[in-house]
Amino acid sequence: MLKTHQPDAGPSKGDGTRVGAVSRRPRIALLSNPKSTGNIAQLARIRSYCADHPDIFHYEVERVDQVGEGLKTIARVRPKMLVINGGDGTVQAALTEMYNGGHFGDTPPPVAVLPSGKTNLIALDLGAHGDPIASLERLVALAQHDLTEHLVARELIALQTDGTAKPVIGMFLGGAGLAQTMLYCRNKIYPLGLPNSVSHVLTILAVLLRIVFRLRADFLPPVAPNLRVSMRSEGQLSGRFAILAVTTLDKLLLNSEMGTTKRGGLKLLAIEERPWSMLRAAFATILGKLSAVKLRGVHLQETDEINIEGDQSNVILDGETFSARVGHPIRLTPAQPLSFVKLAA
């Protein structure tokens with residue numbers, strides 16, 4: 001069931017979707033996924049907040065495949081800003097639908113993201129953290145005025161595999177050992193019910209035990225697979241990588257800057273699965289010099305096309321898993337930039 005919460009809206013259809021004209025143009029359209037981690041506890045507060053603010057058009061989806069219909073409805077109210085209330089996977093689904101669906105024509109509204117998921121990499125990059133209601137309040141205040149000084153353009157990642165007619169759109173991809181670690185955290189650590197920060201620390205410790213001390217056990221993350229990564233005009237990398245990340249975000253995991261000296265839409269970080277390579281990268285990250293110095297076993301590139309292939313190796317784009325196989329690479333290219341609303345960090 002799809003639900004909207006909008007004071008002064010027109011009559012409701014049988015499926016709960018509001019139709020007809022609204023008495024005033026909403027400044028904000030809020031697309032919520034009630035099943036995102038943060039929303040399980042916060043959605044009642046968000047619904048109450050929206051009920052008290054008639055300039056918010058609130059649309060809820062219960063499944064990712066309902067995002068397209070949600071955006072189609074939202075496009076009819078022509079909001080000044082689209083706010084996504086969900087985790088990185090919900091953001092990816094919305095960006096993919098905006099890119100492929102064409103619901104907003106040539107003038108899509110700028111996008112803002114509430115911190116309502118497990119990792120919230122996209123929300124953090126845009127300066128949204130902590131209480132989702134507090135972020136929503138700040139966005140409502142911004143929407144009362146000209147947004148120009150708060151808008152930032154972000155390149156998007158277009159991912160295509162063999163046989164896919166339309167690309168999947170996202171902003172952060174993890175592969176090799178990083179994908180294995182993300183799946184390990186999702187499947188083995190999160191079910192323990194620990195706070196996110198504790199879960200992430202335990203995951204990092206498990207990775208270090210495996211790599212630094214070369215331990216092998218069922219309760220530790222698996223060994224990273226062999227991968228070949230090809231970049232247009234930038235050469236090729238191959239081997240086992242503890243971390244393989246591709247992003248368009250300004251910052252990566254552990255808040256490390258991803259700026260490089262080369263120009264291109266996609267920023268790639270690859271760290272070889274060797275103890276000293278991991279330690280060098282860790283110390284450089286702590287000192288804030290990961291992108292400032294050249295480190296052996298650490299590869300930081302910026303390019304406009306990346307092909308990834310390996311022996312049944314997984315990559316994860318904003319929460320969705322894809323498989324890269326030998327002879328059937330995953331292709332990454334920049335997608336058309338989109339405007340995002342950045343809160344003061």
- Under 4.5 Å between side-chain heavy atoms, hopping through other hydrophobics if needed: is there a path connecting Val298 to Leu279? no
- Item | Gap between atom CE of Met98 and atom CG of Leu156 - 0.5 Å precision | 9.0 Å
- With respect to Leu43, which candidate in Ser48, Pro34, Pro132 satisfies the side chain to side chain contact (heavy atoms under 4.5 Å, CB included) definition? Pro34
- Sequence neighbours excluded - salt bridge (charged side-chain N to carboxylate O under 4.0 Å, His left out) pairs with any residue from residues 89-99: none
- Query: For the residue pair Gln144 and Lys80, what are the closest heavy atoms and their distance?
  - Reply: C-NZ, 4.3 Å
- Message: So which atom in Ile84 and which in Ala94 form the shortest heavy-atom distance, rounded to 0.1 Å?
- Response: CD1-CB, 3.6 Å
- Would a 4.5 Å heavy-atom cut-off, applied to side chains only, mark Leu30 and Ile46 as touching? yes
- Would you kindly confirm whether Met81 and Leu343 end up in one hydrophobic cluster when ILVMFWY residues are joined by side chain heavy atoms under 4.5 Å apart? yes
- Within one Ile-Leu-Val-Met-Phe-Trp-Tyr cluster: Ile56 and Leu147, side-chain cutoff 4.5 Å: yes
- Contacts of type salt bridge (Lys or Arg N to Asp or Glu O under 4.0 Å), residue Glu320, not counting sequence neighbours: none
- Query: Are Asn85 and Leu136 close enough that some pair of their side-chain heavy atoms sits under 4.5 Å apart?
  - Reply: no
- Query: Would you say the side-chain atoms of Thr203 pair up with the backbone N or O of Ser199, donor to acceptor, closer than 3.5 Å?
  - Reply: yes
- Where Ile316 and Ala179 come nearest, the two heavy atoms and their spacing: CD1-O, 3.7 Å
- Item | Donor-acceptor under 3.5 Å (Asn33 side chain, Val64 main chain) | no
- Task: Please answer whether the main-chain N or O of Pro221 pairs with a side-chain N or O of Arg210 as donor and acceptor at a distance below 3.5 Å.
- Result: yes
- Message: Between Lys267 and Glu155 (salt bridge meaning N to carboxylate O under 4.0 Å), is one present in this structure?
- Response: no
- Task: Please tell me if the side chains of Ile308 and Leu244 come closer than 4.5 Å, counting only heavy atoms from C-beta onward.
- Result: yes
- All heavy atoms of Val315 vs all of Gly175, minimum pair found to be CG1-CA, 4.0 Å
- Note: Ser277 and Arg296 closest approach over all heavy atoms is OG-O, 3.7 Å
- Treating Ile, Leu, Val, Met, Phe, Trp and Tyr as nodes and any side-chain heavy-atom pair under 4.5 angstrom as an edge, say whether Val223 and Phe241 lie in one connected cluster. no
- Query: Within the distance-only criterion (no hydrogens, no angle test), does the side chain of Asn100 pair as donor or acceptor with the backbone N or O of Pro167 below 3.5 angstrom?
  - Reply: yes
- Indicate whether the side chain of Ser230 and that of Gln236 have a donor and an acceptor atom separated by less than 3.5 Å. yes
- Transitive ILVMFWY cluster of Val201, excluding itself - 4.5 Å side-chain cut-off: Leu205
- Query: Is there a path of hydrophobic side-chain contacts, each under 4.5 Å between heavy atoms of I, L, V, M, F, W or Y residues, that connects Val152 with Val113?
  - Reply: yes
- Check for a donor-acceptor pair, side chain of Gln66 on one end and backbone N or O of Arg63 on the other, with a separation under 3.5 Å. yes
- Query: For Tyr49, which residues count as a ring-ring contact (aromatic ring centres under 6.0 Å, His included) partner, sequence neighbours excluded?
  - Reply: His53
- Message: With side-chain contact (heavy atoms from CB on, under 4.5 Å) as the criterion, how do His58 and Glu60 come out once you've worked through the C-alpha distance, each side chain's angles and the decisive distance to 0.1 Å?
- Response: CA-CA 7 Å; His58 189 195; Glu60 296 178 20; 3.4 Å; yes
- Item | Note, Leu151 side chain near Val341 side chain (heavy atom, < 4.5 Å) | yes
- Message: Checking Leu126 against Val111 for the side-chain contact (heavy atoms from CB on, under 4.5 Å) test, could you report, in this order, the C-alpha distance in whole Å, the side-chain angles of both residues, the deciding distance, and whether it holds?
- Response: CA-CA 10 Å; Leu126 296 172; Val111 175; over 6 Å; no
- Message: Does Arg228 form a side-chain contact (heavy atoms from CB on, under 4.5 Å) with Asn307? I'd like the steps, not just the answer.
- Response: CA-CA 8 Å; Arg228 182 164 69 246; Asn307 289 280; over 6 Å; no
- Item | salt bridge (Lys or Arg N to Asp or Glu O under 4.0 Å) against Asp146, all qualifying residues, sequence neighbours excluded | none
- Looking only at atom types and distance, does a side-chain atom of Thr247 sit under 3.5 Å from a main-chain N or O of Met171, one as donor and one as acceptor? yes
- Message: With a 3.5 Å distance limit and no angle check, can you tell me whether Lys166 reaches the backbone of Gly101 through a side-chain donor-acceptor pair?
- Response: no
- Message: I need the minimum non-hydrogen distance between Ala284 and Leu295, along with the two atoms involved.
- Response: CB-CD1, 3.6 Å
- Expected output: side-chain Gln92 to main-chain Leu317 donor-acceptor under 3.5 Å: yes
- Just jot down the salt bridge (Lys or Arg N to Asp or Glu O under 4.0 Å) partners of Arg325, sequence neighbours excluded, or say none. none
- Message: Is it the case that the side chain of Tyr184 and the backbone of Phe219 share a donor-acceptor pair, with hydrogens and angles ignored and the cut-off at 3.5 Å?
- Response: yes
- Query: Looking at side-chain heavy atoms only, is the closest gap between Ile271 and Leu178 below 4.5 Å?
  - Reply: no
